[in-house]
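Heads up: numbering here begins at 1 and tracks the sequence. Heavy-atom basis, side chains included; hydrogens, waters and symmetry copies ignored.
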Amino acid sequence: LALMARRFAVLGERVFLVGTEQGILFAIGDDGKLRWQFKTKGPIRTTPLVVDINNNGDEEICITCMDKFLYVLSAKGQLIWTFQADAPIESGAAYYKSVNGNGIVFGTNGGTLYSVTPEGKEHWKFHIKAPITGTPACGKLLGTSDVYIVFGSHDSKLYVVSDRGNEEWQFATRDKV
């Protein structure tokens, strides 16, 4: 198996999550034993996001995949919901909390940055003309309490987008980001 060893996450205190080129997410205990596995239909090239997206006290696992899907799983590896994007996904997912709504954000190879609600519905999308393969960063910027999403692209630009999907600014980097 071609494990993406540099791209793993930790679930709770005792389980490591790692995705493979064969589209399998493995949950491996700290004793080295398989706890569970989940099969997608394409390579998993990103670090799983582990976060409580619905504020119920339980962590969920968000994985993006080259099969164009965002998968949300329970901590026990059970599928909760999926969201289909416009193109394969090499970007990792990030999560933000905002007065305008919470969201899971990720980019696609088709150049779309998606914000998806904790229930799996499209909140908004922002489109550019180049692949978005890096994991977005989310946080408060510009001296306000507003949340912004920052991401780079293969069009050699860094973008800042509001939590409503509006572009705030962009910066030319002279090379792919």
- Query: Cluster question for you: counting only ILVMFWY and a side-chain heavy-atom cut-off of under 4.5 Å, with indirect links fine, are Val150 and Phe126 together?
  - Reply: no
- Message: Using 0.5 Å steps for rounding, measure from the CD1 atom of Ile80 to the CD atom of Glu119.
- Response: 11.5 Å
- Task: Say whether, by atom type as modelled, one donor and one acceptor occur between the side chain of Thr112 and the main chain of Tyr114 under 3.5 angstrom.
- Result: no
- Where Val147 and Lys97 come nearest, the two heavy atoms and their spacing: CG2-O, 3.3 Å
- Task: Following the transitive rule for hydrophobic clusters with a side-chain heavy-atom cut-off under 4.5 Å over Ile, Leu, Val, Met, Phe, Trp and Tyr, establish whether Tyr96 and Leu70 coincide in one cluster.
- Result: no
- Here the pair of heavy atoms bringing Leu113 nearest to Ile149 is CD2-CG2, 4.0 Å
Counting only pairs under 3.5 Å, give me each side-chain donor-acceptor contact of residues 129-138, with atom names and distances, residues two or more places apart or in other chains.
{"from": "Thr133", "atom 1": "OG1", "to": "His154", "atom 2": "NE2", "distance (Å)": "3.0"}
{"from": "Thr135", "atom 1": "OG1", "to": "Gly92", "atom 2": "N", "distance (Å)": "3.2"}

- Query: Given side chains that start at C-beta, do those of Arg45 and Glu21 come closer than 4.5 Å, heavy atoms only?
  - Reply: yes
- Message: For a quick test of reading the model, state the closest non-hydrogen atom pair linking Tyr148 to Glu168 and the distance between them.
- Response: CE2-CG, 3.4 Å
- Do Leu141 and Leu158 share a hydrophobic cluster, counting only Ile, Leu, Val, Met, Phe, Trp and Tyr and linking them when any side-chain heavy atoms are less than 4.5 Å apart? yes
- Query: Distance-only, no hydrogens or angles: does the Ser156 side chain make a donor-acceptor pair with backbone N or O of Ser153 under 3.5 Å?
  - Reply: no
- Message: Has Ser115 got a side-chain atom pairing as donor or acceptor with Trp124's backbone, closer than 3.5 angstrom?
- Response: no
- Apply side-chain contact (heavy atoms from CB on, under 4.5 Å) to the pair Leu25 and Leu17, showing each step before the final yes or no. CA-CA 7 Å; Leu25 181 71; Leu17 302 169; 4.3 Å; yes
- Message: Run Ile89 and Met66 through side-chain contact (heavy atoms from CB on, under 4.5 Å) and show every step you take.
- Response: CA-CA 5 Å; Ile89 308 166; Met66 291 295 289; 5.9 Å; no
- Query: Between Asp67 and Tyr71, does a side-chain hydrogen bond (donor to acceptor under 3.5 Å, both in side chains) hold up when you go through it step by step?
  - Reply: CA-CA 10 Å; Asp67 65 4; Tyr71 294 86; 2.4 Å; yes
- Item | Minimum heavy-atom distance Ile53-Pro118, with the two atoms named | O-CB, 3.2 Å
- Applying side chain to side chain donor-acceptor pair (under 3.5 Å) to Asp31 and not counting sequence neighbours gives Arg35
- Side-chain touch Val116/Trp81, heavy atoms, less than 4.5 angstrom: yes
- Task: Hey, could you give me the CD/CD1 distance between Gln22 and Ile24, rounded to the nearest 0.5 Å?
- Result: 6.0 Å
- Can you tell me how far CH2 of Trp169 sits from OH of Tyr159, rounded to the nearest 0.5 angstrom? 12.0 Å
- Steps toward side-chain contact (heavy atoms from CB on, under 4.5 Å) verdict (Phe38, Ile61): CA-CA 11 Å; Phe38 180 84; Ile61 303 158; over 6 Å; no
- Rounded distance (nearest 0.5 Å) linking atom OG1 of Thr46 with atom CZ of Phe106: 10.5 Å
- Judged by atom type as modelled, is there a donor-acceptor pair below 3.5 Å linking the side chain of Lys68 to the main-chain atoms of Thr108? no
- Query: Where is the tightest heavy-atom contact between Gly57 and Asp52, given as atom of each residue plus distance?
  - Reply: N-OD2, 2.8 Å
- Message: Are Asp58 and Glu60 packed together at the side-chain level, in the sense that at least one heavy-atom pair is separated by less than 4.5 angstrom?
- Response: yes
- Task: For the pair Thr117 (side chain) and Lys121 (backbone), establish whether a donor and an acceptor sit closer than 3.5 Å, ignoring hydrogens and angles.
- Result: yes
- CG-NZ distance between Leu79 and Lys39, expressed to the nearest 0.5 angstrom: 14.5 Å
- Task: Would you please test Phe151 and Val161 for side-chain contact (heavy atoms from CB on, under 4.5 Å) and show each step?
- Result: CA-CA 8 Å; Phe151 67 97; Val161 177; 3.6 Å; yes
- Minimum heavy-atom distance between Asp175 and Thr173, given as atom pair plus value: O-OG1, 2.6 Å
- Message: Rounded to the nearest 0.5 Å, what separates atom OG in Ser98 from atom CG in Asp146?
- Response: 7.5 Å
